[in-house]
Amino acid sequence: MELFLERLISGLTNGSIYALLALALVVVFRGTGTLNFAQGELALFTTFVAWWLTTQSIPVWIAIVAALVLGFVMGALIERTLIRPVQRRNDMAVLIVALGLFTGLNSLAGLLWGSETKIMPSPFPNGLDDYVSIGGARLYFDALGVWGALIVLMFLMTLLFKKTKIGLHMRAVADNPESATLAGVRTSRVLAIGWGLSGAIGALAGVLVTPLAPQQLGLTTMFSIFIAASAAALFGGLDSLVGAIVGGLVIGVLEAMLTGYISIIGGSLQQTSALIIIVAILFVRPNGLFGTQKLVRV
Amino acid sequence: MTTIDTPEKTVAPRPSRTPKPRRRIVVEGSAKHRGIQALSALLVVLFLLWAASQPLFRVGQFTNVFIIAIAIVGLNLVTGYTGLLSIGHSAFFGLGAYTTGILITKYEFAPMSTIPVAVVLSFVVGLAVGLPSLRIKGLYLALVTLAVGVSFPEIVRRAEDLTGGATGLVIRSRFLAPPEWTGLVRAERGIWMFWLSAVTLMLVMLLARFLVRSRFGLAMMASRDHEIAAAANGVNVARTKILAFGISGAITGLAGSLFAQYIGALSPDGSFTLLKSIELVTGLVLGGIATQIGPVVGAFAVVFLPYYTASFTSGPLSGVVFGALLIAIVFVMPEGIVGRLTLLSRKVVTFLPADHPSRRKGERPPEEPT
Amino acid sequence: MTLLTIEDLHAGYGPSDVLHGLSMTVEAGEVVVVLGANGAGKTTTMRAIAGLIGRRGTIELDGVPLGRRPEQVVGSGISLVPQGRGTLGQLSVLDNLLVGAALRTDKDGVQADIDRWCEVFPVLGRRQGQLAGSLSGGEQQMLAVARALMSRPRLLLCDEPSLGLAPIVVQELFATLSEINKTDGTALMIVEQNAELAMDLASRVYLLDVGTIAATGTPADFRADDAVRAAYLGY
Amino acid sequence: MSPHTSVLTLDEVSIEFGGITALDGVTFDVRAGQICGLIGPNGAGKTTLFNCITRIYQPSGGRITWKGDDLLKVRPHALASAGIARTFQNLALFGGMTVFENTMAGGSSVKGGKRQMRDRAWALIERLELVDVADHHAAGLPFGTLKRVELARALMSEPQLLLLDEPAGGLTHSEVKELGDLIVSLRDEFGFAALLVEHHMGLVLGISDHVVALDFGHKIFEGTPAEVKDNPAVVAAYLGRAA
């Protein structure tokens with residue numbers, strides 16, 4: 001029971017991270033109809049910057065805020081300079097640019113900071129004794145912090161999309177950018193904000209996940225998280241915020257249970273199992289589980 | 001190249017007012033056309049002879065180029081002509097390589113005889129990877145291929161008994177000696193692999209050319225450009241995509257098999273990660289998507305560029321270069337090098353099929369539309 | 001009073017232009033119909049005015065140069081109902097109307113306008129909460145017009161409003177457009193293949209050919225011209 | 001096949017979407033070599049019916065037979081080989097292929113050697129006056145030209161039934177007239193039957209042999225073009241004041 005609870009807690013914590021990055025993917029997909037393959041590496045890059053700032057004896061909270069701001073700026077800049085000019089051409093062009101960013105950003109981080117793993121300090125108290133006991137299982141404060149961050153973000157995002165004018169405009173642009181433009185919506189600003197937002201959310205995921213385990217910040221850190229997050233986002237059909245969150249948590253828990261209880265999967269086939277989940281989901285529901293069915297009219 | 005199921009954008013009428021340039025007409029199958037073909041073949045042979053006479057290290061690089069080119073020809077069939085972006089072709093490359101490696105080391109197959117096995121296996125796995133395209137489209141399908149590409153090294157690491165796991169698999173060079181009929185000795189393996197790869201590349205390119213020009217090629221392109229219209233015109237879109245994936249996988253697997261014989265040592269984190277897929281995609285885009293010569297040009301670029309930009313290391317800098325290059329091509333030359341050259345040459349020369357109506361009647365050649 | 005003045009307009013999509021020095025005017029409160037064959041540049045003209053494509057030449061609204069960005073154009077009082085309607089299908093009818101008021105800050109005025117257009121187009125009123133994508137073609141066209149009107153334009157550009165609509169729906173739509181023109185004084189510029197109905201509303205007609213104005217006149221002039229009648233009016 | 005035998009028969013075809021009846025027992029037939037016009041207000045079920053015949057939707061009730069065989073068992077991509085071809089409302093060409101390749105692709109379902117197929121494609125390209133643009137990519141050609149490319153592609157499969165989905169959309173009156181003449185002359189030449197879904201009454205009344213009108217998923221009229229204008233039900237539901 002104790003073991004089960006601990007696995008559940010760790011699954012939920014990882015799941016929250018997947019959910020965060022999945023949210024970032026969903027925000028971009030809703031705005032531009034593309035899967036940002038570079039989302040994970042963008043998060044990686046900003047996390048490296050946050051880590052580097054902490055090594056310059058800057059407090060971790062300030063480093064994190066800086067990473068979020070950088071994530072926003074980079075996201076917005078990427079949209080404006082790299083994505084928008086090719087967006088009109090075709091989907092393949094956008095995918096290829098994203099692939100370019102994927103390798104480019106990852107290698108750039110390696111070039112600047114080396115390939116050895118780093119220790120990212122946690123913004124939450126994360127000593128060995130910083131936990132509460134639930135049914136004998138330990139719930140560490142930094143895990144709680146991750147959960148809290150997800151809940152707050154979820155609330156803010158719902159508010160943004162449902163209640164604000166910019167949220168309405170984001171939905172309009174996602175639906176039909178030209179019509180939105182014709183109605184007077186500043187499409188380019190809305191798109192840049194959307195990408196900026198997703199860059200910031202991704203950065204948040206990065207700075208929250210890396211302190212959870214020692215030596216966790218390395219060049220490959222975000223990739224497996226990106227894979228799991230894509231599976232999570234797909235769970236909701238790439239365009240549902242709720243779906244992304246549910247998907248993230250489900251995949252996190254599933255993974256913790258599978259790797260914990262089924263020895264053949266162990267640690268080494270984690271990505272493969274996440275990916276099998278992706279394929280399975282897609283096969284059952286080509287538009288995801290929560291996704292809106294798009295009517296193809298000819 | 002549309003990969004997502006949006007309805008075709010309506011084509012805005014664009015009357016052209018530019019003066020019509022005079023163009024040379026070359027009729028396919030005519031003496032002039034045959035002459036051009038013979039000349040090109042001669043140039044290729046001369047190049048190969050020159051390349052084979054280079055220092056061994058350089059010969060090896062050329063061999064690598066040919067092998068990568070074969071892999072890109074495979075990728076081109078599915079991504080360029082069928083419009084399904086695959087970022088999982090590293091898995092086919094790896095599958096071909098490991099099949100050959102395992103058959104040679106564990107079962108003492110002759111290197112050449114492993115090739116058909118690698119091809120068939122990659123074909124079957126290709127069909128399986130293409131299977132989701134029955135239901136999954138566009139971006140989502142790209143994710144599936146990503147899954148395949150990422151899983152491959154994990155599975156190799158896991159299947160330790162067969163693959164040697166993370167430590168890798170070494171094929172001793174005595175197993176890789178050139179076949180006896182060539183008259184080459186073991187030390188001349190480099191030159192043997194050079195010619196084997198060059199000939200294979202040419203055969204594969206001929207095959208791809210034949211495929212693209214066949215009824216099946218039309219079906220591939222029709223599925224790429226407009227699925228619903230393709231189906232309405234009698235194209236079995238699902239079968240076309242699956243088969244294209246199979247053939248594509250088989251060709252890339254063939255490249256992998258040659259790669260194993262060329263390199264002699266395999267490890268899951270070596271040449272079979274996502275980075276290899278990205279290298280293949282870069283080569284394809286740079287050379288020219290859906291062109292016949294593009295893969296070769298692209299292969300030259302992806303093999304030689306990192307070599308010249310980052311001296312000998314293929315460390316992080318080559319990743320930055322690939323990334324920047326990929327983005328730059330999409331901006332500067334989306335049709336790729338060969339695509340751009342084709343566009344330019346069309347302004348000067350028109351290749352006319354022999355059965356073009358204007359040939360039959362001796363009418364004026366076709367003009368620009370007005 | 002002249003509302004819109006276009007002089008020597010050049011615009012297009014790729015390297016070659018579609019419009020080659022087009023000039024025309026729209027008076028305040030009038031209805032102008034633009035005719036022309038496919039590829040003559042009708043839609044291009046509309047898109048150039050709306051700021052969706054780049055242009056050279058002069059476009060002035062009330063004698064002041066018109067902005068080049070779409071939101072500037074909307075802001076200064078010109079709205080385009082695009083060809084194919086461009087409904088925001090995944091948004092509710094109400095949200096579609098709210099998006100139409102993107103540049104407005106007067107909340108009460110916006111609400112009043114929503115109420116008004118839901119009355120003029122009762123079907124929109126009944127289906128405020130429904131997704132716009134679930135409306136029929138005719139209803140979507142009404143929504144597109146209503147959305148464009150939400151910015152309180154002085155000039156409404158309509159690109160092929162009758163495309164794909166039943167004759168009876170087209171009649172209803174044109175009647176409503178005419179009504180709005182009369183009560184609000186909103187000037188209309190209508191590109192229409194279905195020329196006959198549009199001509200009934202029009203005070204003036206422009207005929208486009210290969211990117212320039214080939215002829216202009218009153219509907220009566222046009223109806224009197226045999227060649228034009230055969231080509232565009234079908235009798 | 002002798003003229004006037006019905007080739008396509010719809011018998012009590014019905015379909016519902018989420019409780020809403022889109023088609024309710026629609027019955028009519030299309031005879032060999034005849035042009036059948038299908039009209040009706042938006043939302044009347046024309047597109048739904050079209051999609052049932054093109055096998056995108058599966059009717060919940062009724063039968064559709066094609067030359068006596070059950071059409072509802074035919075898969076979408078097998079329609080062409082069954083002898084049914086179509087054109088698309090907003091054009092659906094293969095943009096990355098040349099006009100010649102587009103035409104060739106229309107023959108995907110036809111058995112025949114390459115030589116034979118190429119000859120047929122060139123003949124159609126000549127017939128539809130597309131020789132000058134044959135080696136141009138479809139993307140970027142003028143609208144009217146693309147309409148002819150679509151016709152060439154559809155005819156490549158030697159159809160016995162041609163489904164035309166709002167072919168007049170976006171054309172001027174004179175262009176519509178040309179298109180109508182073209183369709184009729186192609187019909188006379190190739191002998192196919194056609195089902196024409198169209199709002200342009202000039203075209204429908206001008207070239208149809210037979211007209212069917214739908215409203216709210218019901219058939220409200222069936223008869224000759226001459227009768228349709230005066231039919232009170234059609235006038236009330238569709239035409240409004242005399243068209």
Side-chain angles (χ1 to χ4, degrees), chain A residues 29 33-35 37-38 41 82 85-86 89-112 114-115 219 223-224 227 230-231 234 238 264-266 268-279 282-288 294 296-298, chain B residues 1-8 79 83 85 87 131-132 134-144 146-155 157-158 166 226-229 232 274-275 277-279 281-282 285 289 315-331 334:
Chain A
F29 184 82
T34 193
L35 182 76
F37 277 99
E41 304 316 299
L82 299 180
V86 298
R89 215 170 313 143
N90 55 48
D91 307 317
M92 184 89 87
V94 178
L95 273 179
I96 289 169
V97 169
L99 270 187
L101 279 169
F102 171 90
T103 28
L105 282 172
N106 186 292
S107 312
L108 192 61
L111 201 62
L112 292 174
S115 56
L219 289 178
F223 185 68
S224 56
I227 296 290
S230 319
L234 268 178
L238 285 181
I264 189 161
I265 295 174
S268 63
L269 281 180
Q270 240 177 38
Q271 289 176 29
T272 307
S273 44
L275 290 161
I276 289 170
I277 296 175
I278 292 188
V279 177
L282 283 174
F283 216 76
V284 181
R285 284 287 307 266
N287 290 313
K294 286 201 183 69
V296 185
R297 267 193 83 114
V298 189
Chain B
M1 283 225 321
T2 310
T3 51
I4 288 194
D5 52 347
T6 42
E8 195 79 341
T79 295
L85 181 64
I87 20 187
L131 205 61
L134 276 173
R135 284 174 66 85
I136 304 168
K137 294 190 166 63
L139 202 58
Y140 303 93
L141 194 66
L143 255 181
V144 174
L146 175 76
V148 175
V150 170
S151 307
F152 182 77
E154 280 198 343
I155 293 167
R157 250 177 266 131
R158 188 83 199 164
H226 203 302
E227 270 191 32
I228 294 173
L274 207 57
L275 201 64
S277 283
I278 291 175
E279 187 183 323
V281 172
T282 310
V285 177
I289 281 183
L317 194 57
S318 84
V320 177
V321 171
F322 273 150
L325 197 63
L326 256 182
I327 295 170
I329 315 158
V330 174
F331 275 81

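Residue numbers start from 1 in every chain, and the chains themselves are labelled A, B, ... in the order their sequence lines are given, proteins ahead of strands.
- Across every non-hydrogen atom of B/I329 and B/V285, the tightest pair is CG2-O, 3.9 Å.
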Verdict with reasoning, A/F37 to A/L101, per side chain to side chain contact (heavy atoms under 4.5 Å, CB included): CA-CA 8 Å; A/F37 277 99; A/L101 279 169; over 6 Å; no
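- Here the shortest heavy-atom pairing between A/L35 and A/F29 reads N-CD1, 4.3 Å.
- Note on A/V86, A/L105, A/L111, A/T34: by heavy-atom pairs under 4.5 Å with chain B, the leading option is A/L111.
- The greatest number of non-hydrogen atom pairs below 4.5 Å with chain B, out of A/A109, A/G100, A/G104, is found for A/G100.
- B/I87 touches chain A through its side chain: at least one heavy atom from C-beta onward sits under 4.5 Å away, while N, CA, C and O do not.
- Partners of B/V148 under the side chain to side chain contact (heavy atoms under 4.5 Å, CB included) rule, at least two apart in sequence or in another chain, are B/A91, B/V129.
- Looking at every heavy atom in both residues, A/P85 comes nearest to B/F331 through CB-CE2, 3.5 Å.
- For B/L274, the part lying near chain A is the side chain, with the backbone staying farther off; criterion is any non-hydrogen pair under 4.5 Å.
- Interface check for chain B: of the options A/L108, A/L219, A/N106, A/L82, the most heavy-atom pairs under 4.5 Å are formed by A/L82.
- The contact between B/V330 and chain A is made by backbone and side chain atoms together, counting heavy-atom distances below 4.5 Å.
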